[in-house]
Amino acid sequence: MARVVVDVMPKPEILDVQGQAVNRALGRIGVSGVSDVRQGKHFELEVSDGVDDETLHRLAGSLLANPVIEDWTVTRL
Amino acid sequence: MARVVVDVMPKPEILDVQGQAVNRALGRIGVSGVSDVRQGKHFELEVSDGVDDETLHRLAGSLLANPVIEDWTVTRL
Amino acid sequence: MAGTPFPATTLTAVTELADQVTVDSVASAQASPDQPQPYAALGLKDDEYARIREILGRRPTDAELAMYSVMWSEHCSYKSSKVHLRYFGETTTEEMKATMLAGIGENAGVVSIGDGWAVTFKVESHNHPSYVEPYQGAATGVGGIVRDIMAMGARPIAVGDPLRFGPIDAPDTARVLPGIVSGIGGYGNCLGLPNVGGEVVFDASYAGNPLVNALCVGALRTEDLHLAFASGTGNKIILFGATTGLDGIGGVSVLASETFGDDEGPGRKKLPSVQVGDPFTEKVLIECCLELFHAGLVVGIQDLGGAGLSCATSELASAGSGGMHVDLDAVPLRATGMTAAEILSSESQERMCAVVTPENVDAFMAVCRKWDTIATVIGEVTDGDRLVITSRGETVVDVPPRTVAHEGPVYERPVARDDAAQDALAADGPESLPRPETPSELRAEILRMAAAPNLASRAWVTDQYDRFVRGNTVAAAPTDAGVVRIDESTGRGIAVATDCNARFVALDPYVGAQLALAEAYRNVATSGAVPLAVTDCLNFGSPEDPHVMWQFSQAVRGIADGCAVLGTPVTGGNVSFYNQTGTTAILPTPVVGVLGVIDDVTRRIPSGFAGADGDAVLLLGATREELGGSEWAHEVHGHLGGRPPAVDLEHERRLGDLLAAAGSQGALTGSHDLSDGGLAQALVEAALAGGRGASVTLGGVAADTFTALFSESAGRVLVTVPADGAEEFLARAAAADVAVVRLGETGGDALRIAEVGDLGLDELRAAWEGTLPARFGALSV
Amino acid sequence: MSATRVGVITFPGTLDDVDAARAVRVAGAEAVPLWHGDADLRGVDAVVVPGGFSYGDYLRAGAIASLAPIMREVVDGAARGLPVLGICNGFQILCEAGLLPGALVANAGLTFLCREVVLTVGNAETAWTCDYATGDELLIPLKSQEGRYVAAPDTLSALEDSGRIVFRYRDGAPNGASNGIAGVTNEAGNVVGLMPHPEHATDALTGPSTDGLALFRSVLAGVPA
Ligand SMILES: Nc1ncnc2c1ncn2[C@@H]1O[C@H](COP(=O)(O)OP(=O)(O)O)[C@@H](O)[C@H]1O
Ligand SMILES: [Mg+2]
């Protein structure tokens, strides 16, 4: 058993509406010094040892992320 | 300038319906060997060097996560 | 700190962006007249490119090429359809124009509905983007049509969504449909616009090319009408709403990669052409625009849709009296290093462009600040007649705006009926299809049809849409037409419906398009409203196929000629070509939307058996044996052939007048029109809508029970009247020259059809409601 | 005697403020518009935080709105006993602001859900339900994407034990809410939040019933006119 993390982020050229909303709210809680926030998704997977990188990539690209508008990274912990 | 990552996950006792939907869809795309998927949020922040850990935790706990239902981790890269 | 170390970078798929910018100015264009340009990759033909050079007297700059190529595209210039669409104007009489305040050519048509109120409405397609990225494609389709309505000075008050998909059990339908539905809901719900109707149709021809048409209705006081034009030298051009990014510039990225001369390099060739919507920004933009209108701060306004700033600036300038100067350096960007061509072509959503007098600029900005809306002066109206655009201190565009916006190419595409195919289709009638005969066979067929994908309950879809917001929705799905109150003090409101049975159109495009018009008209009349105006969304295959152009021209003529009979002008619409999978075109699908007015929405006719037990059930209109293109032939036999039902628009008009008059006097307790699935389906739906059964006899309807149940003759409506009003209504129908049959009376918990037997409401409901959730999953736990 | 003044807050992205104001008027009170950016309750006798998608519901439903200047005033007012009603997005905002326990998360079916539902009144003693009787049933619209009420197990049992579950879905929560909870109140009973929309059930022409009107009437009783 291994733990795998997949982080999914909007592609740089795609508008990150959520991140922008958070950016604007920062002032409200009196936080300064944060110049940019981008928001994506974070998945934690339990996978058996036989699952190879290619399968993880396929899983990420077909189910966890929408490749048309999102990029992703797969990390084995 | 430093890059900080905040990952937010639903607390274990809160039913993660999104993660469960992904779990159910695994079979459909023919992926086996993945026994659990949990879904949360991933934030990437650009912060100036003066921002201390305490501020980051306040930011995470009062804005990025709702402590009633979510746990979070803050990681400086 | 707790936490996992962030990517020990294993596998990444991150898009790299280029940051070089080259400025291809007018001066450099003059200096390098022979520089090869990728006009073909941008979709321009040799002669079109030559014409641009001729207009400008030099080669276009990159930015000019981007502008012309996108504005001369089929989508923006209507180059293949223009010669046919003229017919709409030619057939609109002065009488039909009487209530029309704005018509074809404006962002949306506007009709006056009395008491100083006007209504604007339009339906538009977002088919291809929705196939690539169902959620965002559909969402931005809603966003785009809503901005068209805002650009007329109106408050958007309702949306609708005619949709077409491949077969319900096709694997891709499971990808496309849920995404499209949640995209429409996600955007419309967040805007606070009730969804009051639409269509969901499954047919194999849409498998690789679903249709997402979005309808929006807006209301305004007649004095608030705004048209898109830029006049008054010195007036400022203000861009407001979202920032401008790289979304939706897929095609134009060719320029960047060409300029960098390196296909593999960091150019932007691979940029997706999808746009991502931000409904929140649009909601705020709506409120901001309305406040600007009411404060009288806007001279002219234009939404940014397809072709972005290229379209908005050239159309505003072209429609105005002077020239225009725009400085792209002022445009707030959300990506670095965007070229002038990219800024001009960006289809970033949620943006509007206004023309404002200099003395009103401060007040304009104050309203935008109140709504946290970014607003920037990007240029001004100038003397002369040129649209001049500068970037980084250089002139990158210097063109006569009319040549970009209104004098694009016009094609006379070959039009030819494919006689062999069309005659074979007509010859293959439904007469020989095996029919159910015994009562038990007929009973089973009714249940089967109730559960057919094209007839089953759309609640799986409509339960994802807010229909209550703003508190003016008097009727929404499942009803024949959506009914929305506009004036709370008088009860004045509108009804709207869209329809198209594309199988009928395939069998005979002229008659089929008229049947679509007739059905939408009838749906509006069935709600008790008086039909007033028409919009359409003409979804067809490739205009380069002469048979498709024949279908198209026939459909246009059918709608226009039909409108002349009904007295309802076509006020606007949209053409979508190239809807095909490989070389196979979709069924020709001219979706027709009809809008009607109702003086007092409390007098609408409720849907189905809504009255009391014991009401008389009457069928208005004649039933003939007409099964060509019917849902029964399609569902049970997978058959399409023969003739579509006959259409009699004079009769539709008499029927509509009868319903409106009776409805306004409160003589009718319920109604439902007959369309797909015929009388059988209408009875089922009317019973389920009212939660009330009925006992009926079909003897007087047609020669045989099967025909009575499943024929799809046009011009028919089921109504209920209180028992003691039945005789009077029968006489009234006769006087109106509308055939009428008394079928029986309402009551009980079953549909009792004398010739067939009893169908319990529970059994019918289970059949009707089960189909979509069984395929797409339950919405609730 | 002047009418009771009920404030209705508008945030960017609020949608149901027009309906809430209409419901307030139909109930016989004066609706006073309140703006998110103003730290000023304009002396109102009660506040409705209406539904919609404040700030697009980005980040989490209600999260950003809960930080608005007006909300600080609402929090202070609530502590003094000011009646506050949160409907749908308003309920989410009150939870995010800490005025009500628990949180609202994505529907179990993962889609937006617009349905007419039947609620049972579990507590007719709050500022917003005293015109009802315990056990009354209301037919009203539910329309939300993140409408599933959740709370820590001990919070849930405390709510149950103290009768603070104001509304429950009679036929089971279509969104999967814990214990079938549709609405809750704070300890003092002046702050109430619910997911379904009583303001859309005040006129049989445009809603399924007029069952929601009593919420807006209830608050008149508690406020000295
Ligand atoms: N995609 C959709 N969005 C909203 N409403 C829809 C949609 N599809 C169907 N409906 C609604 O469901 C009901 C039944 O649809 P339909 O059978 O096509 O109606 P009709 O035959 O009377 O035109 C109508 O109220 C229609 O507006
Ligand atoms: Mg109908």
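Just so it is clear, the model here is predicted, and its values are computed rather than measured. What you see below is based on every heavy atom in this structure, not just the backbone, and it leaves out hydrogens, waters and symmetry mates. By convention in this document, chain letters (A, B, ...) are assigned in the order of the sequence lines, proteins followed by strands, and residues within each chain are numbered from 1.
Across all non-hydrogen atoms, the minimal contact from A:Val51 to B:Gly33 is CG2-O, 3.8 Å.
Within a 6.0 Å sphere centred on CD of B:Glu13, other residues, nucleotides and ligands contribute more than 12 heavy atoms.
You'll find the side chain of A:Leu64 reaches within 4.5 Å of the side chain of B:Val22, heavy atoms only. Within the 4.5 Å cutoff, no side-chain heavy atoms of A:Lys41 are placed close to those of B:Lys41. Counting only heavy atoms from C-beta outward, the side chains of B:Glu44 and A:Val37 never approach each other to under 4.5 Å. Proximity of B:Val31 to A:Thr55: side-chain heavy atoms (C-beta onward) are separated by under 4.5 Å at one or more points.
Contact count against chain B (heavy-atom pairs under 4.5 Å) is highest for A:Ser48 among A:Ser62, A:Ala25, A:Ser48.
With a 4.5 angstrom heavy-atom cutoff, B:Leu26 touches chain A via backbone and side-chain atoms both. Looking at A:Ser35, both its backbone and its side chain come within 4.5 Å of chain B, counting heavy atoms on both sides.
Evaluation of the side-chain hydrogen bond (donor to acceptor under 3.5 Å, both in side chains) rule for B:Gln20 yields no partner, not counting sequence neighbours.
The backbone N or O of A:His42 sits nowhere less than 3.5 Å from a side-chain atom of B:Arg38 that would complete a donor-acceptor pair. Under the 3.5 Å distance criterion, the side-chain polar atoms of A:Arg58 are matched with a main-chain donor or acceptor of B:Ile29.
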